[in-house]
Amino acid sequence: MTPEPVSLAHALASFSDHWSPRIVTAVNDYDVRIAKVEGEHVWHVHDHTDEFFLVLDGELRINLREPAGERTVVLPAGSVFTVPRGTEHRPYAPVPTAILMFEPTGTLTVGDRHDEVPDHVDATTGHALDRAPEPDDTLGS
C-alpha cells in the first residue's frame, strides 16, 4: 500500500462521535489518533506509556492527580501536553474540541486502570478512519 497524505480537516469531518478516536496513520509502533471531544472523559492511568495531546481546535483541560496534589492543565488550540506514564488524569473539554494524540498501537483510551466508563466514552484502541477519497480542492480554481 502506498502512503497517501491525510487531511485532518477531512478526517475530522468524516465522523461525529465524541471520545471515540480514529487512527489516521502510524509512526513505527505508535498510532496517530484524532478525536472530537466535549464534556468529561474518565479518570484513568496508563501504567506503561506517556500520553501526548495536541489541541487542533477548541480547548482541552486535563485534571491530574500528582504526588503534590491535584491540578488542571489548560490547553488552548495549538497547545501540546504530555501526561507522564503512571499519572492519573481526566481530560475535559468545556467546548467542542478536536485533538490529536500519539499512543502506542493497542493502547486503550481508558488506560490500564480507570473509574467506571460512562456511556459517552468509547473504551477502544482506536477505530480505522474512513478512507473515502478526498475531494480535489484544485478543481475549479
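None of these values were measured; they are calculated from a predicted model.
Inspection of the Asn63 and Thr72 side chains reveals an N or O donor paired with an N or O acceptor under 3.5 Å.
Residues Leu64 and Glu70 form no side-chain contact, since every pair of their non-hydrogen atoms from C-beta on lies 4.5 Å or further apart. Annotation: side chain of Val83 is not in contact with side chain of Asp50 (no heavy-atom distance under 4.5 Å). Side-chain atoms of Thr25 and Ile23, non-hydrogen and from C-beta on, never get closer than 4.5 Å to each other. Side-chain contact check for Glu51 versus Thr82: every heavy-atom pair is 4.5 Å or farther apart.
Taking each heavy atom of Ala11 and Ile34 in turn, the nearest pair found is CB-CD1, 3.5 Å. When every heavy atom of Val74 is checked against every heavy atom of Pro76, the shortest pair comes out as O-CD, 3.5 Å. The two atoms that bring Ala35 and Pro21 nearest to each other are CB-CA, 3.9 Å, heavy atoms only. The minimum heavy-atom distance linking Arg33 with Pro104 is given by the pair NH2-O, 3.9 Å. The heavy-atom pair separating Leu8 from Leu100 by the smallest distance is CD1-CD1, 4.0 Å. Nearest heavy-atom pair, Arg85 versus His48, reported as atom, atom and distance to 0.1 Å: NH1-O, 3.3 Å.
Using a cutoff of 4.0 Å between basic side-chain nitrogens and carboxylate oxygens, Arg61 and Glu59 are scored as salt-bridged.
For Phe52, the CZ atom counts as densely surrounded, since its 6.0 Å shell holds more than 12 non-hydrogen atoms of other residues, nucleotides or ligands.
Taking the six-membered ring for Trp and thresholds of 30 and 60 degrees, Phe53 and His89 have ring planes more than 60 degrees apart, a perpendicular arrangement. Ring orientation note: the planes of His44 and His41 are tilted relative to one another, at an angle of 30° to 60°.
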Chi angles and distances behind the side-chain hydrogen bond (donor to acceptor under 3.5 Å, both in side chains) call for Asp29, Thr105: CA-CA 6 Å; Asp29 298 330; Thr105 299; over 6 Å; no

Asp57/Val55 under side-chain contact (heavy atoms from CB on, under 4.5 Å): CA gap, chis, key distance, verdict: CA-CA 6 Å; Asp57 187 47; Val55 179; 6.0 Å; no

Stepwise side-chain contact (heavy atoms from CB on, under 4.5 Å) test for Ile62 and Arg90: CA-CA 6 Å; Ile62 304 176; Arg90 178 184 62 193; over 6 Å; no

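Cation-pi geometry between Arg22 and Phe15 is met: the NZ or CZ atom falls under 6.0 Å from the ring centre, inside 45° of the normal.
Proximity of a side-chain donor or acceptor of Trp19 to a complementary backbone N or O of Lys36 within less than 3.5 Å is not detected. Under a 3.5 Å cut-off, the side chain of Ser20 and the backbone N or O of Asp17 do not form any donor-acceptor pair.
Residue Thr49 holds its OG1 atom at 7.0 Å from CD of Glu103, rounded to the nearest 0.5 Å. For the atom pair CZ of Phe81 and CG of Leu54, the computed distance is 13.5 Å after rounding to the nearest 0.5 Å. For the atom pair Leu12 CG and Leu56 CG, the distance stands at 6.5 Å (nearest 0.5 Å).
Residues Leu75 and Tyr92 do not share a hydrophobic cluster, defined by chaining ILVMFWY side chains whose heavy atoms lie under 4.5 Å apart.
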